[in-house]
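What you are looking at is a predicted structure, and each value in this text was computed from that prediction instead of being measured. So you know, we letter chains A, B, ... as the sequences are listed, proteins then strands, and number each from 1.
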Protein chains: 2
Amino acid sequence: MALRGRGGGGTGGGLRTSLVVDLVLLAPAGDRLALFAPADASGRRALPSGAPRAGEALDAAAMRLARAATGGTVAWLEQARTRTTSDGVSVLFVGLIPGPAADDERWIPRARAATLGAAARHLVDEATDAIGNWLDRSPIAFRLLPPAFTLSDLQDVYEILLGRTLHKASFRRALQSARLVSPTKEWRSEGRGRPAQLFRLAPRARKSWRRGVRFDWLSE
Amino acid sequence: MALRGRGGGGTGGGLRTSLVVDLVLLAPAGDRLALFAPADASGRRALPSGAPRAGEALDAAAMRLARAATGGTVAWLEQARTRTTSDGVSVLFVGLIPGPAADDERWIPRARAATLGAAARHLVDEATDAIGNWLDRSPIAFRLLPPAFTLSDLQDVYEILLGRTLHKASFRRALQSARLVSPTKEWRSEGRGRPAQLFRLAPRARKSWRRGVRFDWLSE
DNA sequence: TCAATAGTGTCTGTTAGACATTATGGA
DNA sequence: TCCATAATGTCTAACAGACACTATTGA
């Protein structure tokens, strides 16, 4: 058992190993989640990964790799679990990308993650759980939308990310009572039906009120 | 951007670096949280840390180190954030230990984490947040108690871990409606006051019902 | 008897979800 | 006109929190 003081010597200390960042990048596509799993030269699909550069922070490395891989905007990127593999240490990052083109072959339906193998499927499950957790605590869904959006758009994003349907009136009431969105004077008409009002994410001035303890855990 | 296939060659791939597990071990002590920060030979306190052995999984390494450091039972241990430091890669683990002896000098009040330095204080804050998150989703509080406990004991643990007081009647109602504890026929008398009934963690058969989306986020 | 703690019953304001209704445009 | 979608009002059951009260022990 080593007690490491502050500023221990340079690269001293732990076991030496290789370090890799693995990425599970998801995006809303239609009414499902899509997974970024491009094929390599031999046609085999895999999750993107890469190595941090010397001195580069993990978050920065993951962001650089995610941008380079997708070529697009990264709406949100967060660290998940670290594990040791036969290759060394793997740090998993979970990211959300705004809607990719429907014909982009690098994206596959999230439900087909199992075709990448059991290990990849496990990482994707872990990523999906992480998104659900963050969604409860942070406005990540808004980053997948343009600055002005309809409440139906927003609800669609939530439903895709959560993988379940939400009650419309309750959803809107919760948004309103949290003063989370503010209406604009614009309306958007899409096909049939009444046009929808556009909203923006409101600059927050909310006191986070405390919620009671809930014991509705998942059955183990 | 490297696309790594399955079973890449042995230790190939990423940047080579050293790997260290850092531990934030907390325990309820009286009505506060205590932090495990033993002093080394020179009298300087620090968070415990250590290196995984070759081939050892991170969880296993953290558990081994936590047990070795405290010499006691580890009620719960979970991975938190991984970061790169000047020493290499550091994987943070958060653990809970059942009540240490009041005269155990290796434990300090959690509020005095700042005396270990800014970096350690940050890790401890991160650990406290992680505990709050897990507490919402998993029965970790029960592991800090003996198999039979009073509801006041349980509430005390929750209050210490959450850092705030809870409403007694609501706490009990929530426990009851979740069918989370089952009463025993034993009662325990401690000093003055009416004796308290002992309870046990009930074998769960709960369907986890879905909760609506809440937007009560912390102000950023 | 008093103090202290355990446990419970009742009330109230809030909220999630169900349902129904109105509003407004396109086909 | 009919249909589809947006937006909103009302009702109800559940729940959190407040409060008060009873129960049971030791001092």
Side-chain angles (χ1 to χ4, degrees), chain A residues 30-31 132 135-136 145-146 148-159 162 164-200 202 206-217, chain B residues 30-31 135-136 145-146 148-160 162 164-200 202 206-217:
Chain A
D31 61 347
L135 207 55
D136 262 5
L145 294 170
F149 49 83
T150 71
L151 297 188
S152 295
D153 289 343
L154 182 61
Q155 184 170 347
D156 286 346
V157 169
Y158 266 91
E159 291 183 344
L162 289 170
R164 62 192 173 101
T165 59
L166 298 172
H167 189 268
K168 184 167 78 165
S170 284
F171 184 79
R172 288 164 187 234
R173 263 191 313 236
L175 282 173
Q176 189 171 23
S177 80
R179 289 185 226 284
L180 198 59
V181 295
S182 53
T184 70
K185 287 170 184 165
E186 296 173 272
W187 297 72
R188 174 187 299 159
S189 184
E190 295 180 272
R192 311 242 286 202
R194 174 174 172 176
Q197 190 169 14
L198 295 182
F199 288 77
R200 291 176 181 279
R206 289 262 302 113
K207 73 258 164 235
S208 77
W209 94 86
R210 325 232 73 158
R211 184 163 53 178
V213 177
R214 301 288 296 262
F215 295 105
D216 51 334
W217 302 321
Chain B
D31 60 348
L135 207 55
D136 261 6
L145 294 169
F149 48 83
T150 72
L151 297 188
S152 295
D153 289 343
L154 182 61
Q155 184 170 346
D156 286 346
V157 169
Y158 266 90
E159 290 182 345
I160 292 169
L162 290 170
R164 62 190 172 101
T165 59
L166 298 172
H167 189 269
K168 184 169 75 166
S170 285
F171 183 79
R172 288 165 187 233
R173 263 191 312 235
L175 282 173
Q176 190 171 24
S177 81
R179 289 186 228 285
L180 198 60
V181 296
S182 52
T184 70
K185 287 171 182 166
E186 295 173 272
W187 297 71
R188 175 187 299 158
S189 184
E190 294 181 272
R192 311 241 288 202
R194 175 174 170 176
Q197 190 168 14
L198 295 182
F199 288 77
R200 292 176 181 280
R206 290 260 304 115
K207 72 249 163 249
S208 77
W209 95 87
R210 324 231 72 157
R211 183 164 51 178
V213 176
R214 301 289 294 261
F215 296 104
D216 50 334
W217 302 321

Are there any protein N/O atoms within less than 3.5 Å of an N/O atom in nucleotides 20-26 of chain D, and if so, which ones and at what distance?
from: D:dA23; atom 1: O4'; to: B:Arg194; atom 2: NH1; distance (Å): 3.2
from: D:dT24; atom 1: O2; to: B:Arg194; atom 2: N; distance (Å): 3.2
from: D:dT25; atom 1: O2; to: B:Gly193; atom 2: N; distance (Å): 3.2

Whole-Å gap separating P (D:dA27) and CD (B:Glu190): 13 Å
Between its two end axes (five pairs each) the helix from C:dT1-D:dA27 to C:dA27-D:dT1 turns, nearest 10 degrees, through 10°
Could you give the CD-to-C1' distance, from B:Glu186 to C:dA6, as a whole number of Å? 17 Å
Specify the separation, in whole Å, of atom CZ of A:Arg188 and atom P of D:dT5. 16 Å
Tell me: CG of B:Leu175 to C1' of C:dG7, nearest whole Å? 13 Å
For the pair made of CD in B:Gln155 and P in C:dT5, what is the distance, rounded to whole Å? 13 Å
Check every strand shown and say whether B:Thr150 touches a base, only sugar-phosphate, or nothing at a heavy-atom separation below 4.0 Å. nothing
Of the listed C:dA16, D:dA18, C:dC19, the closest approach to the B:His167 side chain comes from D:dA18
Set of residues satisfying side-chain contact (heavy atoms from CB on, under 4.5 Å) with respect to B:Leu151, sequence neighbours excluded: B:Arg172, B:Leu175, B:Val181, B:Phe199
Partners meeting ring-ring contact (aromatic ring centres under 6.0 Å, His included) with B:Phe149 (sequence neighbours left out): B:Phe142
Pair of N/O donor and acceptor under 3.5 Å linking D:dG9 base with A:Arg173 side chain: no
Nearest to the side chain of B:Ser170, which nucleotide is it out of D:dA7, C:dG7, D:dA16? D:dA16
Could you state the CG-C1' distance from B:Leu198 to C:dA6, rounded to the nearest angstrom? 12 Å
So, do A:Leu162 and A:Leu135 sit near enough that their side-chain heavy atoms are less than 4.5 Å apart? yes
Of A:Ala169 and B:Phe199, the one whose nearest nucleotide on DNA chain C sits closer to the 5' end is B:Phe199
Phosphate OP1/OP2 of D:dT8: any A:Arg172 side-chain N/O under 4.0 Å: no
Set of residues satisfying side chain to side chain donor-acceptor pair (under 3.5 Å) with respect to A:Arg200, sequence neighbours excluded: none
Please tabulate, one pair per line, all N/O donor-acceptor pairs under 3.5 Å involving side-chain atoms of residues 184-198 of chain A, not counting sequence neighbours.
from: A:Thr184; atom 1: OG1; to: A:Glu186; atom 2: N; distance (Å): 3.2
from: A:Thr184; atom 1: OG1; to: A:Leu198; atom 2: O; distance (Å): 2.9
from: A:Arg188; atom 1: NH1; to: A:Asp153; atom 2: OD2; distance (Å): 3.3
from: A:Gln197; atom 1: NE2; to: A:Thr184; atom 2: O; distance (Å): 2.9

